[in-house]
There are 2 protein chains.
Amino acid sequence: MAKGQRRQAILNAALDVFTAKTLTSATMEDIRAKSGASTGSIYHHFASKEHIIVALFEQGYGDLHRRMRAAFMGAPAAASGLHALVDSYLGWFHEHELLGRFMLQTASTDYVASAAPAVARDAAELERQLLEWLQPFIASGEIVALPLAMYVPLIIGPCREIMRRWQVGTVTLAEARPLLAQAVWRSLAAGQAHAP
Amino acid sequence: MAKGQRRQAILNAALDVFTAKTLTSATMEDIRAKSGASTGSIYHHFASKEHIIVALFEQGYGDLHRRMRAAFMGAPAAASGLHALVDSYLGWFHEHELLGRFMLQTASTDYVASAAPAVARDAAELERQLLEWLQPFIASGEIVALPLAMYVPLIIGPCREIMRRWQVGTVTLAEARPLLAQAVWRSLAAGQAHAP
DNA sequence: GACAAAAATAGAATAAAATTCTAGAATAAC
DNA sequence: GTTATTCTAGAATTTTATTCTATTTTTGTC
């Protein structure tokens with residue numbers, strides 16, 4: 001078995017098992033059986049069940065963040081950049097159904113923050129870059145001025161909930177995708193109608 | 001010990017333990033020690049560790065949903081109803097810090113859906129009522145027409161993410177509360193500027 | 001207020017699962 | 001080719017959830 005093959009086989013098996021059953025009810029024995037690895041081999045690659053979970057998160061978020069970053073960085077206009085960002089998020093989860101299900105269903109960002117500091121750092125860096133990219137549009141008044149910590153929730157919050165629903169089949173991307181980007185844009189675009 | 005006292009003591013202890021450690025690393029022994037109940041007593045009230053978790057969810061979501069329902073139902077105007085809805089969500093989590101942390105951090109809606117069907121049903125009913133309430137405003141063109149499954153994500157998504165951040169201290173409610181309601185309103189209000 | 005029935009508690013016993021350990025096989029480094 | 005390192009195996013151990021049996025407390029009834 002080639003270099004790193006076994007490790008990935010274990011991760012793949014774990015992902016299957018974790019999405020089929022719940023995190024707690026999935027046993028190491030399940031993972032062992034599905035991956036074909038021995039107990040010793042599993043514990044050679046991962047210190048514990050939790051470490052397997054963390055490794056999956058790192059893999060998933062690493063890839064997702066990379067894609068999101070690429071989406072807005074370099075975009076010249078606010079609207080197109082945000083549109084691309086929303087699209088990248090939806091697109092990633094669309095293309096990584098199992099891992100995405102695991103990421104959205106299993107644990108929250110805060111759980112990850114303590115268990116997977118690398119992911120937390122990467123997320124913080126991504127947010128910093130996004131805010132930096134937004135800055136000129138806020139300054140010019142094209143995007144509403146808000147406490148900085150609010151932008152990501154306003155952009156990602158709706159995306160996340162939509163993808164949750166997509167995962168359980170109550171929403172289709174074909175219809176949601178363009179409308180979602182527009183809705184996010186409206187929530188951030190300045191110079192429009194005010195509400196009470 | 002009075003009627004139902006022990007059950008609640010167990011739930012309280014479990015909540016403490018679950019928020020202090022992770023769901024898996026929190027043991028029945030931890031709960032036993034903190035609650036002062038015996039093993040037998042715990043298993044008399046709850047069939048398993050998972051049942052304790054579900055009971056906490058039912059308690060939390062039952063109360064939250066009740067409050068959200070009260071917020072918009074009967075509101076005469078779209079803007080004020082949505083404002084009240086957002087406020088009720090933020091307010092509830094503000095007032096139930098521990099339970100709220102548990103609910104947002106621990107498990108997702110979908111996990112709950114399979115484990116706690118009562119919660120899922122209640123959530124579905126709440127959504128139905130919200131959409132029914134929204135209907136006239138959509139018909140009149142005051143609120144944008146979207147696939148029905150998109151409204152809740154657009155409203156609750158940002159709220160959820162904001163509260164997550166509030167829980168870890170990166171956002172204060174004093175500043176976020178009014179701005180969030182406005183942003184949600186903008187994302188739903190029709191007849192405004194279009195984006196590419 | 002005595003008494004049966006039901007609910008609640010206790011803690012020991014068991015079962016299930018995670019993790020550790022010791023030894024052996026494969027691979028890489030030199 | 002040989003030595004060191006990584007990897008694999010599977011049995012042994014430890015930890016944790018759950019079950020079981022017996023005892024106590026409460027509740028409803030006369």
Side-chain angles (χ1 to χ4, degrees), chain A residues 1-59 102 105-107 111-112 114-118, chain B residues 1-59 102 105-107 111-112 114-118:
Chain A
M1 183 159 266
K3 168 88 172 159
Q5 215 66 52
R6 171 98 326 151
R7 186 189 144 96
Q8 191 58 47
I10 294 168
L11 283 179
N12 292 342
L15 181 57
D16 278 357
V17 173
F18 286 149
T19 46
K21 321 175 80 165
T22 154
L23 257 201
T24 345
S25 69
T27 74
M28 293 300 263
E29 168 57 21
D30 291 337
I31 297 172
R32 198 201 54 67
K34 188 142 217 160
S35 68
S38 69
T39 304
S41 191
I42 294 180
Y43 278 93
H44 171 73
H45 289 287
F46 304 97
S48 70
K49 189 173 160 184
E50 180 140 0
H51 278 75
I52 299 181
I53 297 170
V54 168
L56 284 172
F57 269 103
E58 284 173 349
Q59 197 163 297
F102 172 76
Q105 286 187 8
T106 292
Y111 170 80
V112 176
S114 60
Chain B
M1 183 160 265
K3 168 87 171 157
Q5 216 66 52
R6 169 83 353 132
R7 187 188 143 95
Q8 192 58 47
I10 294 168
L11 283 179
N12 292 343
L15 181 56
D16 278 358
V17 173
F18 286 148
T19 45
K21 321 175 79 164
T22 154
L23 257 200
T24 344
S25 68
T27 75
M28 292 300 263
E29 168 59 19
D30 291 337
I31 297 172
R32 198 201 54 66
K34 188 142 217 161
S35 68
S38 69
T39 304
S41 190
I42 292 179
Y43 277 93
H44 170 74
H45 290 287
F46 304 97
S48 70
K49 188 174 160 184
E50 179 140 1
H51 279 75
I52 299 181
I53 296 169
V54 168
L56 283 172
F57 270 102
E58 284 173 349
Q59 196 163 297
F102 172 76
Q105 287 188 5
T106 293
Y111 170 82
V112 176
S114 60

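When all heavy atoms are compared, the tightest approach of Leu56(B) to Leu11(B) is CD2-O, 3.8 Å. The two residues Ala26(A) and Lys49(A) come nearest to each other via the heavy atoms O-NZ, 2.6 Å. Smallest separation of non-hydrogen atoms from Met28(B) and Ser48(B): CE-C, 4.5 Å.
Ser38(B) has no side-chain polar atom (N or O) that falls below the 4.0 Å cut-off from OP1 or OP2 of dT9(C). Using a 4.0 Å cut-off, no side-chain N or O of Arg6(B) falls inside it from OP1 or OP2 of dT24(D). Taking only side-chain nitrogens and oxygens, Arg7(A) never comes nearer than 4.0 Å to OP1 or OP2 of dT6(D).
Gln5(A) places its CD atom 15 Å from the C1' atom of dT8(D), with the value rounded to the nearest Å. The CZ-P distance, from Phe46(B) to dA17(D), rounds to 15 Å in whole Å. As rounded to whole Å, 10 Å separates atom P of dT18(D) from atom CD1 of Ile31(B). Ile42(B) places its CD1 atom 12 Å from the C1' atom of dG11(C), with the value rounded to the nearest Å.
Helix bend of the helix from dG1(C)-dC30(D) to dC30(C)-dG1(D): the angle between its two end axes, each built from five pairs, comes to 30° after rounding to 10°.
Judged as a side-chain contact (heavy atoms from CB on, under 4.5 Å), and not counting sequence neighbours, His44(A) has no contacts. Residues that satisfy the side chain to side chain donor-acceptor pair (under 3.5 Å) test with Ser25(A), not counting sequence neighbours, are absent from this structure.
No donor-acceptor distance shorter than 3.5 angstrom exists from the side chain of Lys21(A) to the backbone of Thr27(A), with no hydrogens or angles considered.
Of the candidates dA8(C), dT6(D), dA9(D), dT6(D) carries the atom nearest the His44(A) side chain, counting heavy atoms from C-beta on.
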Shorter than 3.5 Å, N or O on both sides, protein versus nucleotides 16-19 of chain C: list them out with atom names.
residue: dA18(C); atom: OP1; partner: Lys49(A); partner atom: NZ; Å: 3.2
residue: dA18(C); atom: OP2; partner: Met28(A); partner atom: N; Å: 2.7
residue: dT19(C); atom: OP2; partner: Tyr43(A); partner atom: OH; Å: 3.1
residue: dT19(C); atom: OP2; partner: Lys49(A); partner atom: N; Å: 3.1

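Judged as a side-chain hydrogen bond (donor to acceptor under 3.5 Å, both in side chains), the pairs with a partner in residues 32-43 of chain A (not counting sequence neighbours) are, in order, Glu29(A)-Arg32(A).
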N/O donor to acceptor pairs below 3.5 angstrom from side-chain atoms of residues 12-20 of chain B, sequence neighbours left out:
residue: Asn12(B); atom: OD1; partner: Gln8(B); partner atom: NE2; Å: 3.0
residue: Asn12(B); atom: ND2; partner: Gln8(B); partner atom: O; Å: 3.4
residue: Thr19(B); atom: OG1; partner: Leu15(B); partner atom: O; Å: 2.7
residue: Thr19(B); atom: OG1; partner: Asp16(B); partner atom: O; Å: 3.1

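Contact of the Val54(A) side chain with the Phe46(A) side chain is not registered, since no non-hydrogen atoms from C-beta on lie closer than 4.5 Å.
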